[in-house]
Number of protein chains: 2
Amino acid sequence: MGIASRKEREKAEMRRLILDAAHDIFKENGYDGLNIRSIAERIEYSPATIYLYYKDKNEIFFALQYEAAAAKRDHLLPAASIEDPWMRLVEFGRLYVDFGLKHPDWYDLLFLTRAPMEHIENQDCWTLGMATHAFFVETVQACVDARYFKSTDSATIAYTLWCHAHGLVSLFVRERMRMYPPEERGELAKKSFAMMVKMAESL
Amino acid sequence: MGIASRKEREKAEMRRLILDAAHDIFKENGYDGLNIRSIAERIEYSPATIYLYYKDKNEIFFALQYEAAAAKRDHLLPAASIEDPWMRLVEFGRLYVDFGLKHPDWYDLLFLTRAPMEHIENQDCWTLGMATHAFFVETVQACVDARYFKSTDSATIAYTLWCHAHGLVSLFVRERMRMYPPEERGELAKKSFAMMVKMAESL
DNA sequence: CAAAGTTACTGAACGCTGTTTAGTAAAAAC
DNA sequence: GTTTTTACTAAACAGCGTTCAGTAACTTTG
């Protein structure tokens, strides 16, 4: 029992060690700088060893995505405690955009990476993301229930708001805003968010 | 003179040959399937020959981006002839989303690829994209001038509309809509676009 | 405690990328 | 006809994800 459980613990520790290294490298050098050999070098093991703990690079990628999803959830958490559904929705949106602009690499990992989406539905990161998304949709539904909107199509409302926020962050993250001077971009994002809130009020 | 100009012509033809091959491979196998060796094989030259006509893969990538930008411009062209600025704006938006959903690979190439953005401002594809973007902003301005909106901040209006359209297409292209059944996605996109139009009317 | 069996790890390789270099054969210039 | 320039390629390099045979340490067994 003792030895078996120690082995199990060591296995988990090693997986953690690998993931932490991957995490650090990703933060320092982005997705492109992250490769098996760089992880191996950092933890002072051979590249082959990585494969004894993770099936392939995708598995590490999914684990990283989970970290990002958890960070996003934590970032949005303060909004959850706001009583008024409309205020909660606005703050949720503000924090969503804030997360994207503050952590472009993580937002990228979560929403803009092409990577291995094949079976992402079965991954923890997807489950976690879904929970956050469900909370968002529920908040919109709460607004509908409280007659904050004329429209009652909460699904479309939620989706439309998400499209705007996601588009806003995506244009930032993938640097498609070069037609606007860098110093104006933040202001423009704020104005656009405010405009969207205003528009939603008269929805 | 004769020989020099023939050589020049042959050089241009070869560049065209390479680009067409790259274009076909991209359409068939996506960005990931596109590599120097596959281009070389298709045109029946050695990989090294490619480098006599294009500095590196990025240069081919930029040329492809230009093709995509041209295809997008052509797709949006029908909107340009609509007299009424508001009708023109709505049709422009509709066609923009339509282009993204019909040609996800090209939209990806234009707006979602991480790739070499360093000096894209100097590239033809950027210039072309800017022209299209300028037309869009001008249309919004025309709407403002014709008092279609209460707000007069045309820059923010244009940006907000773009964010929504871009977000909508991006979520499709990068497959982040798996929480919605496939058969509902198209309908949801349509509803969301209609909602955004409605919201813009009361802007 | 020693022998046998199992586990953890690695060096070296494979096949795939983008890219460079040295060399060759044909075309052009003289 | 000789020399120079051009067009092209085979082979290699470095870096990637991944696999495999082999080794050394640890665990179990007698």
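The figures that follow rest on heavy atoms only: side chains count, while hydrogens, waters and symmetry mates do not. Every chain is numbered from 1 and lettered A, B, ... according to where its sequence line falls, protein lines coming before strand lines.
Atom CZ in Phe61(A) sits roughly 13 Å away from atom P in dT18(D) (whole-Å rounding). If you measure from atom CG of Leu52(A) to atom P of dC20(D), you get 13 Å, rounded to the nearest angstrom. Counting to the nearest Å, the P atom of dC16(D) and the CG atom of Asn29(A) are 11 Å from each other. Residue Ile18(A) contributes atom CD1, which lies 12 Å from atom C1' of dA8(C) at whole-angstrom precision. A straight line from CD of Glu10(A) to P of dT27(D) spans 9 Å, rounded to a whole angstrom. dC8(D) atom P lies 11 Å from atom CG of Leu17(B), rounded to whole Å.
Looking at heavy-atom distances under 4.0 Å, Tyr53(A) makes contact with sugar-phosphate atoms alone, never a base.
Contact annotation: Thr49(A) does not reach the phosphate of dC9(C) (side-chain N/O to OP1 or OP2, under 4.0 Å).
A heavy atom lying under 4.0 Å from DNA chain D marks the following residues of residues 39-46 of chain B, by number: Tyr45(B), Ser46(B).
For Phe149(B), the ring pair (Phe, Tyr, Trp, His ring centres under 6.0 Å) partners at least two apart in sequence or on another chain are Trp86(B). Ala71(A) meets the side chain to side chain contact (heavy atoms under 4.5 Å, CB included) test with Phe99(A), Trp106(A); sequence neighbours excluded. Annotation: side chain to side chain donor-acceptor pair (under 3.5 Å) contacts of Asp153(B) (sequence neighbours excluded): Thr156(B). Listed by chain and residue number, Arg37(B), Ser38(B) satisfy the side chain to side chain contact (heavy atoms under 4.5 Å, CB included) test with Asn35(B) (two or more places apart in sequence, or in another chain). Residues satisfying the ring pair (Phe, Tyr, Trp, His ring centres under 6.0 Å) criterion with Phe136(B), sequence neighbours excluded, are Phe92(B). Every residue meeting the side chain to side chain contact (heavy atoms under 4.5 Å, CB included) condition with Pro85(B), not counting sequence neighbours, appears here in chain and number order: Arg88(B), Ala142(B), Cys143(B), Ala146(B), Tyr148(B).
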Identify all side-chain donor-acceptor contacts of residues 19-27 of chain A below 3.5 Å with residues at least two apart in sequence or on another chain.
unit_1: Asp20(A); atom_1: OD1; unit_2: Arg16(A); atom_2: NE; d: 3.2
unit_1: Asp20(A); atom_1: OD1; unit_2: Arg16(A); atom_2: NH2; d: 3.0

Show me the side-chain donor-acceptor pairs of residues 187-201 of chain B shorter than 3.5 Å, one per line, residues at least two apart or across chains.
unit_1: Ser192(B); atom_1: OG; unit_2: Thr160(A); atom_2: OG1; d: 2.8
unit_1: Ser192(B); atom_1: OG; unit_2: His164(B); atom_2: NE2; d: 2.9

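Ion pair Arg15(A)/Glu10(A) not flagged as a salt bridge, since none of the NZ, NE, NH1 or NH2 atoms sits closer than 4.0 Å to an Asp/Glu carboxylate oxygen.
Ring planes of Tyr159(B) and Trp162(B): perpendicular class, angle over 60° (limits at 30 and 60°).
For residues 91-106 of chain B, the pairs satisfying salt bridge (charged side-chain N to carboxylate O under 4.0 Å, His left out) are Glu91(B)-Arg94(B), Asp98(B)-Lys102(B), with sequence neighbours left out.
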Could you write out each protein N or O paired with an N or O of nucleotides 16-22 of chain C at a distance under 3.5 Å?
unit_1: dT17(C); atom_1: OP1; unit_2: Asn35(B); atom_2: ND2; d: 2.7
unit_1: dG18(C); atom_1: OP1; unit_2: Ile36(B); atom_2: N; d: 3.4
unit_1: dG18(C); atom_1: OP1; unit_2: Lys57(B); atom_2: NZ; d: 3.0
unit_1: dG18(C); atom_1: OP2; unit_2: Ile36(B); atom_2: N; d: 3.1
unit_1: dG18(C); atom_1: N7; unit_2: Arg37(B); atom_2: NH1; d: 2.7
unit_1: dG18(C); atom_1: O6; unit_2: Arg37(B); atom_2: NH2; d: 2.9
unit_1: dT19(C); atom_1: OP2; unit_2: Tyr51(B); atom_2: OH; d: 2.8
unit_1: dT19(C); atom_1: OP2; unit_2: Lys57(B); atom_2: N; d: 2.9
unit_1: dT19(C); atom_1: O5'; unit_2: Tyr51(B); atom_2: OH; d: 3.2

Between the protein and nucleotides 3-6 of chain D, which nitrogen or oxygen pairs are less than 3.5 angstrom apart?
none

